[in-house]
2 protein chains.
Amino acid sequence: MEELPRVLQQLWGIEGRSRPGPKPAFHISDIARAAIKLADAGGLGAVSMSKVAAELGFTTMSLYRYVDAKDDLYVVMLEHAFAEPPVLDPELDWRGRITAWAEAFRDGLRRHPWILQIPIQEPPLSPNQLAWMESGLDAFDGTPLTPQDRLSAMLLVNIYVRGTAQLTANMRTEPDEVREADRLYTERLTMLATPDRFPGIAATLEQPLDEGYAGDFDAAEFGFGLTTVLDGIATRITHTRTT
Amino acid sequence: MEELPRVLQQLWGIEGRSRPGPKPAFHISDIARAAIKLADAGGLGAVSMSKVAAELGFTTMSLYRYVDAKDDLYVVMLEHAFAEPPVLDPELDWRGRITAWAEAFRDGLRRHPWILQIPIQEPPLSPNQLAWMESGLDAFDGTPLTPQDRLSAMLLVNIYVRGTAQLTANMRTEPDEVREADRLYTERLTMLATPDRFPGIAATLEQPLDEGYAGDFDAAEFGFGLTTVLDGIATRITHTRTT
DNA sequence: CGCACACTGTGTGCGCCATACACAGACCAT
DNA sequence: ATGGTCTGTGTATGGCGCACACAGTGTGCG
């Protein structure tokens, strides 16, 4: 039984009792707030120990009294950016519940696109992360799925939301820039993906309504793909029920 | 009509005609080989301009004669790590074909786990990347899906493979380390996810056969989830056919 | 009541990184 | 042959994460 890393101890509120020495001047939540502010404004690249410290009005090295390493800073940011998971309406069926969950997740990623840039080293163990996991699993209450199947299904939706967010997240905050990048991309793709060598891609480009790959992956498109994922889960549910 | 970035020009073999000056001592493919060697051994973090240059026996700055910036290095690495897409057996149905495609993709990610660490800035435009896209789209030949639907379906499978690889890719090459990390994770999760506050997670942990979240996401588990995704696509196909 | 000592925030410094820039030499078109 | 352009190189800059020593602070224990 190994000790929990210090970050997790702090996030779970395992307080050290009163100790000698000066009182801490701030709290990890202050660090999180400052770091999130920087990341929202300039992406994860704008978050450095010195910038965060400057934002708080302290020196760089003071942060290391609260956080063991930069990776821990990411953990704290993540934990604060995703606060409480949505309360799922028990009146809805599982599709309605997991859809609401997925949309809440997507909203979080849209609000804080830098989350997708965080290098993931370990699976999550912090309180809010687990709360989100639990919330996603609970969406399948009432279905005949086994706990493992619920986990797989929740992970599948989780992966889908992350993946689509990744596609649309060109990370530019200005919508004009996004539109321009899309235009440039389709132009180049049209030039490079000639119908003789890339007939499938070329066919996709012929319909100018949808902007093609990496076009506006907006709400409708998101829901459409999510429906496909949920149809797959539904198939497994009915299959489980009949066996 | 803007010029293509230099990296893409080079990858597509748009050669500059013979020019004055000394002949280049090597080629971007040499850079790619050296960088991939480093990344395979020590992850993407082990790839720096100086390390790559040292591997080639040149100075750091010489690389900038071939590549405009570090991001371009990533593009070249990606292009070389994923060589030719698999040739899909036309005898198979779409499920068989896209399954083979997904497995080939997964194999590539397992061979070069650092691919998942590359920060994605722009959608792909390099030759092999497009060839993989085309190959994935072609898997749906013979189905009534529209080109846009094929794109969505291919992206869905693509996202799924990436996502599952992300889960299993604890990035450690030593299987013992992975197993140890899994053990530690389940231990901690069992301690933190108490049944009263996290009943769903706790239920998942009660079945010790599957190691729970981030456990060995091996071939069987991969195929199981992929089946779910393909079932969803199948639902859309039949729905398309009937309308 | 006082004091030892754990703990605080700070300053300095190290090694690594990406990359800008100036330079000496190599080579092709003319 | 020679001018101009391209090559690889050396040097320099600003940023980064973080180790470490230090002076001051405040609590628990004697």
Side-chain angles (χ1 to χ4, degrees), chain A residues 5-7 9-10 14-32 34-35 38-39 41-77 114 117-119 121, chain B residues 5-7 9-10 14-32 34-35 38-39 41-77 114 117-119 121:
Chain A
R6 188 159 66 113
V7 208
Q9 285 191 26
Q10 293 188 257
I14 304 175
E15 302 290 341
R17 68 287 171 276
S18 74
R19 296 167 306 180
K23 293 192 173 171
F26 50 96
H27 191 253
I28 36 169
S29 58
D30 298 316
I31 297 184
L38 290 170
L44 201 64
V47 176
S48 77
M49 290 302 204
S50 56
K51 302 248 192 68
V52 174
E55 182 78 23
L56 288 171
F58 288 84
T59 57
T60 306
M61 292 312 293
S62 69
L63 294 193
Y64 286 93
R65 296 286 175 201
Y66 299 82
V67 148
D68 280 335
K70 180 102 186 268
D71 285 356
D72 289 355
L73 175 62
Y74 291 150
V75 173
V76 178
M77 289 174 70
W114 47 264
Q117 302 178 347
I118 295 184
Q121 317 261 25
Chain B
R6 187 159 66 113
V7 208
Q9 285 190 27
Q10 293 188 257
I14 303 175
E15 302 290 341
R17 68 286 172 277
S18 75
R19 296 167 304 180
K23 293 192 174 172
F26 50 97
H27 191 253
I28 36 169
S29 59
D30 299 315
I31 297 184
L38 289 170
L44 201 64
V47 176
S48 76
M49 291 301 204
S50 55
K51 301 248 192 68
V52 174
E55 182 78 23
L56 289 171
F58 288 85
T59 57
T60 306
M61 293 310 294
S62 69
L63 295 192
Y64 286 93
R65 297 286 175 200
Y66 299 82
V67 148
D68 280 335
K70 180 107 185 260
D71 285 356
D72 289 354
L73 175 61
Y74 290 150
V75 173
V76 178
M77 288 174 70
W114 46 265
Q117 302 178 343
I118 295 183
Q121 319 260 25

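Within every chain, numbering begins at 1; the chains are lettered A, B, ... in the order of the sequence lines, protein sequences first and strands thereafter. Computed from a predicted model, the values in this text were never measured in an experiment.
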Side-chain atoms of residues 43-54 of chain B: list all donor-acceptor pairs with protein atoms under 3.5 Å, sequence neighbours left out, distances to 0.1 Å.
residue	atom	partner	partner atom	Å
B/Ser48	OG	B/Ser50	OG	3.1
B/Ser48	OG	B/Lys51	N	3.2

Show which side-chain atoms of residues 62-69 of chain A pair as donor or acceptor with protein atoms under 3.5 Å away, not counting sequence neighbours.
residue	atom	partner	partner atom	Å
A/Ser62	OG	A/Thr59	O	2.6
A/Tyr66	OH	A/Ala25	N	3.2
A/Tyr66	OH	A/Phe26	N	3.4
A/Asp68	OD1	A/Arg6	NE	3.3
A/Asp68	OD1	A/Arg6	NH2	2.9

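Rounding to whole angstrom units, CZ of residue B/Phe26 and C1' of D/dT9 are separated by 12 Å. Distance CG (A/Leu38) to P (D/dG15): 15 Å, rounded to an integer number of Å. Computed from coordinates, the B/Leu63 CG to C/dA18 P distance equals 10 Å when rounded to whole Å.
Summarising the base pairing, D/dG30 is matched to C/dC1 through a Watson-Crick or G-U wobble pair whose two defining distances lie under 3.5 Å.
Two residues are said to be in side-chain contact when any heavy atoms from C-beta on lie closer than 4.5 Å; A/Trp114 and A/Met77 meet this criterion.
Looking at residues two or more places apart in sequence or on another chain, you find no side-chain hydrogen bond (donor to acceptor under 3.5 Å, both in side chains) involving A/Thr60. With sequence neighbours excluded, the residues forming a salt bridge (Lys or Arg N to Asp or Glu O under 4.0 Å) with A/Asp30 are A/Arg33, listed by chain and number.
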Could you list the protein-to-nucleotides 26-30 of chain C atom pairs, N/O on both sides, closer than 3.5 Å?
residue	atom	partner	partner atom	Å
C/dC27	O2	B/Gly21	N	3.1
C/dA29	OP1	B/Ser18	OG	2.7

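At D/dT9, one or more side-chain N or O atoms of B/Thr59 fall inside 4.0 Å of OP1 or OP2 (strictly under the cut-off).
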When every nucleotide of nucleotides 16-23 of chain D is labelled 5' to 3' by its protein contacts under 4.0 Å (heavy atoms), B for base, S for sugar-phosphate only, - for none, what sequence of letters results?
SSBBBB--
